Protein chains: 2
Amino acid sequence: MAKAQRRTDSLSRELIIQTATEILDSDGENALTLRALTVRLKTGYGAIYHHVTDKSDLLAAATDDIITGVLSHTATDADPRETLRRLALGLFDAIDAHPWVGAELSRQPWRPALLDFYESIGRLLDALAVPEKARFDAAGTLVNYVLGVAVQNAANARHLTAQDADRAAFLNNAAAQWAQLDPSRYPFVHATVTQLREHDDREQFLAGIDIFLAGIAALR
Amino acid sequence: MAKAQRRTDSLSRELIIQTATEILDSDGENALTLRALTVRLKTGYGAIYHHVTDKSDLLAAATDDIITGVLSHTATDADPRETLRRLALGLFDAIDAHPWVGAELSRQPWRPALLDFYESIGRLLDALAVPEKARFDAAGTLVNYVLGVAVQNAANARHLTAQDADRAAFLNNAAAQWAQLDPSRYPFVHATVTQLREHDDREQFLAGIDIFLAGIAALR
DNA sequence: CGTCGCATTGGAGCGGCGATCCAATGGGGG
DNA sequence: CCCCCATTGGATCGCCGCTCCAATGCGACG
């Protein structure tokens with residue numbers, strides 16, 4: 001009675017990771033503090049650290065969960081190119097839905113979950129008849145491209161929550177800034193303003209995948 | 001006499017940025033604290049904040065310096081593909097020498113300096129006769145790839161300074177871990193161990209650039 | 001059916017961070 | 001020559017991740 005009551009239902013690593021994911025999804029990356037976790041779980045620091053070694057351990061586990069989910073839910077197609085597109089798009093959609101995953105991958109790009117992704121890509125490149133010597137470089141290239149997009153997405157999400165404007169307003173604002181650039185110094189950027197305003201991140205991501213696939217085909 | 005003596009030579013934004021760059025280069029990303037800056041500059045917090053709005057402002061300025069330097073020192077070649085390779089390699093080398101730039105770009109991917117990079121790529125794609133509609137996607141794809149590599153580099157550098165082993169030992173360690181993976185579950189990764197140990201990041205980066213260039217050529 | 005060991009819990013407190021605030025200062029313009 | 005204000009240095013704040021430890025009650029065991 002002297003001290004606060006002790007919870008009867010048991011805490012668990014899974015519950016902590018799940019709660020962390022909820023906080024990250026609803027309030028953004030830097031809303032995940034241990035304080036916020038203790039409040040939400042109605043517990044103390046010690047209980048959390050008994051199940052989790054680190055904050056980075058926590059983030060890594062949450063990220064692994066998301067990526068593992070993507071990989072296991074990706075259907076295989078007869079055409080390896082189509083399977084690779086689905087795999088990449090699945091990752092894109094997951095990172096689009098959970099932008100903090102992109103930021104975490106930029107900190108820890110070689111998590112076990114990404115190793116599975118890497119393995120999948122390697123096999124698909126094999127099916128696409130990419131020569132063995134080129135496969136290593138090709139797989140690394142694709143992973144790096146996806147990683148770059150992930151980081152980009154995470155950064156965009158950060159700016160969107162900072163100012164609470166929606167995506168359209170954000171793009172219009174960026175486009176307006178681009179339009180004000182000196183056309184003689186930035187002819188390309190200036191000419192691209194319309195496409196910036198109207199483009200779809202997902203489609204552009206897929207366009208990049210297709211450029212990569214076309215480039216791979218040239219290696220055959 | 002009552003308070004400490006006041007410096008006679010004047011502080012400046014440039015000096016602060018330069019000192020920050022020195023700390024970042026010699027001791028890594030998270031060695032840059034305001035405390036470390038005050039010690040190195042023999043000054044106080046107030047003096048620094050009088051010239052710099054933020055820590056992020058400081059990092060952004062330091063990053064812009066590095067990237068601007070790269071862009072201005074890249075020679076143009078008659079062949080646009082070669083110029084593009086040089087541009088990309090210049091950026092790679094700069095990020096290799098200053099890995100914290102990669103981490104900073106992952107936080108703020110649309111700094112003015114990167115806009116110049118984007119503009120250069122756009123012009124080169126024009127010179128490569130890439131159709132106007134495809135240029136936007138192609139440029140974005142290349143930027144994303146370079147960004148992904150930058151992030152990867154920054155992460156590798158972090159792990160290298162954490163354990164003070166050199167690069168060869170680090171790669172051998174990673175290769176050993178890969179080699180211990182279940183060959184039936186990870187046939188591709190398992191088969192790639194040798195290339196992981198022997199590969200050159202710079203060459204692999206360039207191989208990726210060439211894959212994308214080949215893919216872009218197919219758009220013509 | 002006790003009882004007791006120990007895995008689990010909650011929270012006070014530590015050191016370090018970025019950032020703010022303000023009194024002291026001294027070089028340069030009138 | 002003097003005084004004003006741009007510039008300086010550091011005390012201080014609030015928040016962070018993390019450590020430490022006393023209290024607790026569940027379940028194994030006699």
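Quick note: numbers below take in every heavy atom, side chains included, and nothing from hydrogens, waters or symmetry partners. In what follows, chains are A, B, ... by sequence order, proteins preceding strands, each numbered from 1. Computed from a predicted model, the values in this text were never measured in an experiment.
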CA sep, side-chain torsions, deciding dist, call: S56(A), L59(A), side-chain contact (heavy atoms from CB on, under 4.5 Å): CA-CA 5 Å; S56(A) 73; L59(A) 269 165; 5.6 Å; no
D93(A): partners by side-chain contact (heavy atoms from CB on, under 4.5 Å), with sequence neighbours left out: R202(A)
Side-chain donor-acceptor pairs under 3.5 Å in residues 141-151 of chain B, sequence neighbours left out?
| from | atom 1 | to | atom 2 | distance (Å) |
| --- | --- | --- | --- | --- |
| T141(B) | OG1 | D137(B) | O | 2.8 |
| N144(B) | ND2 | G140(B) | O | 3.3 |
| Y145(B) | OH | F205(B) | O | 3.0 |

Could I get a table of every N or O pair under 3.5 Å where one atom is in the protein and the other is in nucleotides 14-16 of chain C?
none

For A36(A), all residues meeting side-chain contact (heavy atoms from CB on, under 4.5 Å), sequence neighbours excluded: I23(A), T33(A)
Pairs touching residues 37-48 of chain A that satisfy salt bridge (charged side-chain N to carboxylate O under 4.0 Å, His left out), sequence neighbours left out: E22(A)-R40(A)
5′-ward residue of the pair G46(A)/R35(A) relative to DNA chain D: R35(A)
Close residues, residues 50-62 of chain B, relative to DNA chain C [heavy-atom separation under 4.0 Å]: D54(B), K55(B)
Helix axis bend for the helix from dC1(C)-dG30(D) to dG30(C)-dC1(D) - C1'-based end axes, five pairs, 10° rounding: 10°
Under the side-chain contact (heavy atoms from CB on, under 4.5 Å) test, residues paired with A103(A) that sit two or more places apart: E29(A), R107(A), A154(A), R158(A)
Those residues of residues 11-22 of chain B lying under 4.0 Å from DNA chain C by at least one heavy atom: none
Enumerate, atom names and distances included, each donor-acceptor pair closer than 3.5 Å involving a side-chain atom of residues 184-197 of chain A, sequence neighbours excluded.
| from | atom 1 | to | atom 2 | distance (Å) |
| --- | --- | --- | --- | --- |
| S184(A) | OG | D182(A) | OD1 | 2.8 |
| S184(A) | OG | D182(A) | OD2 | 3.1 |
| Y186(A) | OH | D116(B) | OD1 | 2.4 |
| H190(A) | NE2 | A179(A) | O | 2.8 |
| T192(A) | OG1 | F188(A) | O | 2.6 |
| R197(A) | NE | N172(A) | OD1 | 2.7 |

Only distances under 3.5 Å count here; give the side-chain donor-acceptor pairs of residues 64-71 of chain A to other protein atoms, sequence neighbours excluded, each with its distance to 0.1 Å.
| from | atom 1 | to | atom 2 | distance (Å) |
| --- | --- | --- | --- | --- |
| D64(A) | OD2 | R111(A) | NH1 | 3.1 |
| T68(A) | OG1 | D64(A) | O | 2.7 |

Inter- and intrachain pairs under salt bridge (charged side-chain N to carboxylate O under 4.0 Å, His left out), touching residues 43-57 of chain B, at least two apart: R13(B)-D57(B)
